[in-house]
Structure formats: C-alpha cells, structure tokens
Amino acid sequence: MSIMEIIGSFLVIVGSIFLFLGALGIYRMPDLYSRLQAGTKATTLGAMSVILGVGFWEPDWFLKLLVLVVFIGYSNPLSSHAMARAMFKKKIFPWTKEGGVDAYKEVIEPTGEKQES
Amino acid sequence: MNSQPTHLQPLSTQTKVSRFLMNWLLLTIVWIGFTGTFDLHELLTGIVVAGILSFMAIRIFTCCDLALLAPKKLFYLGKFIVVFLVALVKSNFDMARRVLSPALPINPGVVKFKSQLKSNFAKMVLANAITLTPGTLSIDVIDDTFYIHWIDVKSADPEVAFKEIAEDFENLLIKIF
C-alpha cells in the first residue's frame, strides 16, 4: 500500500465513523431541531472526508472531488437552515428544558401587538 | 426589508463589469476543476461558456467583485477558511461527545443576536458558518437579527450569545466583504 492509499483509507474510515455518529445522534436527540443539528454537522464532515479520501485513492479525480467538497460545504447548511425555518413556520417549536429560551417563538406567534410581515 | 429585492436594484456600470469579470474567473476555475485538464481546446470552451454564463447572470451571482482579489482580502479569506474548518472538526467532536454520553448533556433553546454585516451574501456566509460550528444551527435571519438554535444555551443575553457564537467569524467577514 502506498502512502496515498493509507491516507485515503484513513479519511474514508473517519468519515464513515462521523456518518455513523450522525445517525446515532438522529436516533438519540429529543426533538427535530437537535436531530437536524446532529444530522447536518456529521453528514457535512463525514461526506467531505469520504470524498477527499476517494480523492487520495484516485489522484486523477482530485480536482473534481474538491469542487464537490466545496459544494457540499455550502449546500448542506443551506438545506438544514431551510428545513429548520420551514418547521418553525409550521409552528413546531423546539423542545427546551424548564425555563429554556425560545427567542424566535415571539416572531412567529407575537404575544403583544400583532406584527405584520 | 428593502422595498426592492437586491437583484432588481439598478447597478452602476463599474459594479456590473467588475462582477462579471469575477464571476467569469470563478466559473472558469470550476470548469477547470471539473474537466481536470489544461488542454487548450477544453480550456477555450470553458472560458467561452463561463463568459456567456456570467454575462447572463450578472444580476443573479451577486457574491463578489474584483475587490475580492486584493491580497489583504485573500489573506483574510484563507484565514476564514482555516478557522471555519477547525470549527467544523471541533463541532463534530462536540456532537460526538454529546451523542455518545449516556446522560445526553443538552439544554436546547433559541437565542438571537444582531450582526453588523451589511451585504446579503456576507450574512449568508455567516449563517452557514454558524450552522457548522459547535452546537448551533441558524434558523432565520430577519434584517440584521440572527435566530440561532443552540443545543447548549449558556446565556439568553444577545451580546453574550454573539460573543460565544459569531464574533470570530464576523470580525473576519467584515474585512472580506
């Protein structure tokens, strides 16, 4: 095995571990938003790492894969943000502990004067 | 909210040309990345296609103009990418720690803070960066107020939250955009 293959395998393994942890996080977290958090972060780094690992195996593809990594890096948080916002607009509010803060609830359901947006 | 969406506001010729050239450059780089070759024919096709596309998309691709190529800004852009990658790795370990510990140490909530960033693109980059940093997920941006879902709320005070979550990124982004 060459050095490149070792680095590639290492990155792929690390990526798969993070993807697994993301799945576990989706299973264990209490509400949609926390699940989304676990999902987003783990899939971003996991997918990036796996793709880069493949890039080390096949150096010819490296530039292409780099473009893909950049694309994942900004499309993944965008999609999770869109989902979180859509859930809030549907009035699904996050689970909080006793006395937790929820600053966005006031925007969706104004308590005092009615806001128009 | 502005009366007109950003992509409908009138632009000066200078902005247009500058933006067009920058988009051309970026698209050409993406083309080279995808074809993976510096062969003359491929390169020429790419340059022509990228030119046509960026001409058509002057009002849509509003991210950056030639000012971004100043060495100082490029330096801060590089620094931003490094800070961002470190935060991304940290956030994954943070998440792994929370997920794997049996007690599930979370205290979720939504906090808000104000940002000083002006341009829409800079706000988008900040929101994306926040989503990928430890324990935070941006939910909405209304004008200059960011609403952030925080998995371990340390303080509901906007200023403290801003310091904890966004200060590093914002300081760099102000210098870039």
Side-chain angles (χ1 to χ4, degrees), chain A residues 14 17-18 20-31 33-34 36-42 44-46 48-49 60-68 70-71 73-78 80-81 83-85 87-89 93-97 99-108 117, chain B residues 1 29-37 81 84-85 87-102 104 106-113 124-125 127-142 145-153 155-158 161:
Chain A
V14 169
I17 291 173
F18 277 125
F20 168 74
L21 286 176
L24 194 65
I26 290 177
Y27 177 70
R28 286 204 68 196
M29 290 294 177
D31 74 333
Y33 298 91
S34 317
L36 202 52
Q37 287 224 18
T40 314
K41 292 185 213 332
T44 310
L45 190 68
M48 277 180 174
S49 181
D60 289 353
W61 301 352
F62 198 79
L63 279 177
K64 271 177 235 194
L65 296 172
L66 211 57
V67 175
L68 285 186
V70 172
F71 188 73
Y74 75 76
S75 66
N76 223 340
L78 270 184
S80 80
H81 152 75
M83 279 192 272
R85 189 158 174 272
M87 292 191 299
F88 244 113
K89 299 265 162 179
F93 296 114
W95 175 86
T96 51
K97 283 192 175 158
V101 262
D102 190 348
Y104 196 54
K105 200 173 180 177
E106 297 153 17
V107 181
I108 300 292
S117 63
Chain B
M1 283 284 144
I29 291 173
V30 172
W31 175 279
I32 292 172
F34 269 130
T35 54
T37 159
I81 291 173
F84 171 71
L85 285 180
L88 177 57
V89 173
K90 244 197 238 163
S91 79
N92 271 274
F93 280 104
D94 179 71
M95 187 52 71
R97 181 178 64 80
R98 286 183 206 287
V99 166
L100 289 178
S101 61
L104 204 64
I106 61 173
N107 174 25
V110 180
V111 296
K112 66 175 175 181
F113 62 81
M124 188 204 86
V125 173
N128 270 5
I130 286 170
T131 298
L132 292 177
T133 49
T136 50
L137 170 74
S138 50
I139 288 173
D140 203 355
V141 181
I142 298 173
T145 312
F146 283 63
Y147 294 89
I148 308 290
H149 182 262
W150 201 356
I151 201 139
D152 189 10
V153 177
S155 160
D157 180 25

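Note that the structure is a prediction, hence the values are computed from the model and not measured. To find a chain, count down the sequence lines: A is the first, B the second, and so on, and within it residues start at 1.
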ask   = Can you name the closest pair of heavy atoms from B:Val99 and A:Met29 and give their distance?
value = CG2-CE, 4.0 Å
ask   = If you look at every heavy atom in B:Leu132 and A:Gly73, which pair is closest and at what distance?
value = CD1-O, 3.9 Å
Among the listed options B:Ile32, B:Ile148, B:Leu137, the residue most often paired with chain A at heavy-atom distances under 4.5 Å = B:Leu137
query = Between A:Thr44 and chain B, which part of the residue has a heavy atom less than 4.5 Å away: side chain, backbone, both or neither?
reply = side chain
ask   = Hey, what do you get for NE2 (A:His81) to CD1 (B:Ile130), rounding to the nearest 0.5 Å?
value = 11.5 Å
request  = With a 4.5 angstrom heavy-atom cut-off, could you sort out which part of B:Thr136 is near chain A: side chain, backbone, both or neither?
outcome  = backbone
message = Distance check, rounded to the nearest 0.5 Å: A:Thr40 atom OG1 versus B:Asn128 atom CG?
response = 10.5 Å
query = Do other residues, nucleotides or ligands put more than 12 heavy atoms under 6.0 Å from A:Phe71 CZ?
reply = no
note = Looking only at heavy atoms, the pair that brings A:Ala84 and B:Ile139 closest together is CB-CG1, 4.1 Å
task = Please report the closest heavy-atom contact between B:Asn92 and A:Ala42, naming both atoms and the distance.
result = OD1-CA, 3.3 Å
request  = Ignoring hydrogens and angles, tell me if any N or O in the side chain of A:Lys41 forms a donor-acceptor pair with the backbone of B:Phe93 under 3.5 Å.
outcome  = no
key: Part of A:Leu24 within contact of chain B (heavy atom distance under 4.5 Å)   = both
key: Main-chain N/O of B:Val141 paired to A:Arg85 side chain as donor or acceptor, under 3.5 Å   = no
task = With rounding to the nearest 0.5 Å, note down the distance linking CG in A:Asp31 to NE2 in B:His149.
result = 5.5 Å
Interchain contact, A:Tyr74 with chain B, by part (heavy-atom threshold 4.5 Å) = both
task = Kindly indicate whether the side chain of B:Val110, heavy atoms from C-beta on, has any atom under 4.5 Å from the side chain of A:Phe88.
result = yes
query = Rounded to the nearest 0.5 Å, how far does CG of B:Asn107 lie from OG of A:Ser34?
reply = 10.0 Å
inquiry  = If you count heavy atoms of other groups shown closer than 6.0 angstrom to CH2 of A:Trp61, is the number above 12?
reply    = no
ask   = Is it the backbone or the side chain of A:Met48 that comes under 4.5 Å from a heavy atom of chain B, or both, or neither?
value = side chain
inquiry  = Are A:Val70 and B:Val30 packed together at the side-chain level, in the sense that at least one heavy-atom pair is separated by less than 4.5 angstrom?
reply    = no
message = Heavy-atom cut-off 4.5 Å, strictly under: side chain, backbone, both or neither for B:Leu85 against chain A?
response = neither
